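These values consider heavy atoms only, across backbone and side chains, with no hydrogens, waters or symmetry-generated copies. These numbers come from a predicted model, not from an experiment.
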Amino acid sequence: VRKSEEKPPNPYASAMEPAIAVVSTPEEEIAKYGRVLQRNQAKLDYTLVEEGNLLILRVMVPKFISTSLVNVDLQPTYVRITIKGQVLQLVFPHDVTPDKAKVERAAVNGELCLKMPISDLMVTSAATKPRSDAKSKPASSKAPPADTPPAPPVNYLP
C-alpha cells in the first residue's frame with residue numbers, strides 16, 4: 001500500500017493567480033480621496049480639446065468592439081466610460097452640461113466622440129432675480145448722480 005504524498009505549498013501560487021482589478025465607484029473615490037480619480041485601465045488613446053464653448057473628447061475604441069459593450073456615464077465634472085469591464089475615467093477642466101452633450105461612434109475606425117457644451121459660469125440665484133408679485137414697489141427712475149463713477153465689472157472667471 002502506497003501512502004499519498006502531500007505536496008508542499010507553492011510559494012508562488014498567489015502570484016500565478018490572475019489579478020482581480022478592484023474598481024471603485026466614483027462615490028467611493030470621493031468618500032476616500034475627496035475627489036474623482038483619473039484612470040485608463042484599457043490603455044486607450046484619447047484627446048480632450050476645448051473648442052469655443054465645447055469640450056470634445058475623442059476616445060480611440062478598437063473598431064471591432066461592439067457598441068453594446070461600451071457604456072458612457074457623463075456627469076458635470078467627469079466622464080466614466082466602461083469598455084468590456086475596463087474603465088476610462090477622466091475629470092474635466094470645466095463643468096459641462098450633460099443634458100446637451102452628444103455621443104457618437106464612428107463606423108469607419110470605431111472612434112468614440114463626445115461633444116459636451118461647457119456650462120454657463122454666470123448662474124443667477126433666486127436672491128438676485130426680480131420679484132414679479134403685485135406687492136413689490138415699482139423701480140424708481142432716479143439716475144445716480146453724475147459725479148459717481150460706474151461700478152467696476154465683475155469677473156466671474158477664476
Side-chain angles (χ1 to χ4, degrees), residues 18-146 148-158:
I20 299 173
V22 178
V23 178
S24 58
T25 64
E27 291 80 18
E28 292 172 349
E29 288 179 353
I30 291 171
K32 186 173 181 179
Y33 302 108
R35 62 186 175 93
V36 177
L37 301 178
Q38 303 215 76
R39 62 180 62 192
N40 188 359
Q41 292 177 335
K43 309 260 190 285
L44 296 171
D45 292 333
Y46 65 88
T47 58
L48 182 63
V49 180
E50 182 179 346
E51 291 183 7
N53 197 27
L54 286 176
L55 274 180
I56 299 176
L57 174 65
R58 297 184 189 276
V59 182
M60 303 308 275
V61 178
K63 178 180 178 179
F64 297 108
I65 290 183
S66 173
T67 305
S68 63
L69 297 175
V70 178
N71 183 15
V72 177
D73 178 19
L74 183 59
Q75 300 294 325
T77 57
Y78 67 92
V79 66
R80 184 179 178 102
I81 303 172
T82 307
I83 302 169
K84 289 181 65 176
Q86 306 230 335
V87 176
L88 170 66
Q89 184 169 290
L90 300 172
V91 178
F92 298 134
H94 306 288
D95 286 353
V96 298
T97 308
D99 298 340
K100 297 179 183 176
K102 294 180 183 177
V103 180
E104 300 171 344
R105 177 116 190 254
V108 177
N109 60 0
E111 178 186 71
L112 186 69
C113 181
L114 285 83
K115 294 181 181 180
M116 305 156 287
I118 297 173
S119 64
D120 296 331
L121 296 176
M122 297 177 60
V123 178
T124 59
S125 65
T128 61
K129 290 184 181 177
R131 302 210 297 164
S132 62
D133 56 2
K135 295 180 181 179
S136 64
K137 295 181 181 180
S140 66
S141 62
K142 289 185 181 179
T148 59
V154 179
N155 186 4
Y156 290 100
L157 298 175

For L69, the side-chain contact (heavy atoms from CB on, under 4.5 Å) test, sequence neighbours excluded, returns I65, S66, K84
Between D73 and Q75, is a side-chain hydrogen bond (donor to acceptor under 3.5 Å, both in side chains) present by the stated rule, with each step listed? CA-CA 7 Å; D73 178 19; Q75 300 294 325; 2.8 Å; yes
All heavy atoms of Y78 vs all of P26, minimum pair found to be OH-CB, 3.2 Å
In short, salt bridge (charged side-chain N to carboxylate O under 4.0 Å, His left out) pairs touching residues 92-117 with sequence neighbours left out are R58-E111
When rounded to the nearest 0.5 Å, the distance separating CD1 of I118 from CG of N53 is 5.5 Å
For K63 and V108 the tightest heavy-atom approach is CE-O, 3.2 Å
(message) Would you say that L90 contacts L48 through its side chain, given a criterion of any heavy-atom pair below 4.5 Å between the two side chains?
(response) no
Tightest non-hydrogen contact, residues P93 and L55, listed as CD-CD1, 4.2 Å
Checklist entry - Heavy atoms, side chains only, cut-off 4.5 Å: are P62 and L44 in contact? => result yes
By side-chain contact (heavy atoms from CB on, under 4.5 Å), E27 pairs with (sequence neighbours left out) T25
Quick check: do V72 and L112 have side-chain heavy atoms less than 4.5 Å from each other?
yes
Side-chain heavy atoms of I81 within contact of L114, under 4.5 Å:
yes
With sequence neighbours left out, the residues meeting side chain to side chain donor-acceptor pair (under 3.5 Å) with T47 are none
Note: V36 and V91 closest approach over all heavy atoms is O-CG2, 3.4 Å
side-chain contact (heavy atoms from CB on, under 4.5 Å) test vs I83 passes for just one of L88, N71, V70, namely V70
Closest non-hydrogen contact found for N109 with A106 is OD1-CB, 3.2 Å
With sequence neighbours left out, the residues meeting side chain to side chain donor-acceptor pair (under 3.5 Å) with Q86 are none
Across all chains, not counting sequence neighbours, the side-chain contact (heavy atoms from CB on, under 4.5 Å) partners of Y33 are E29, L37
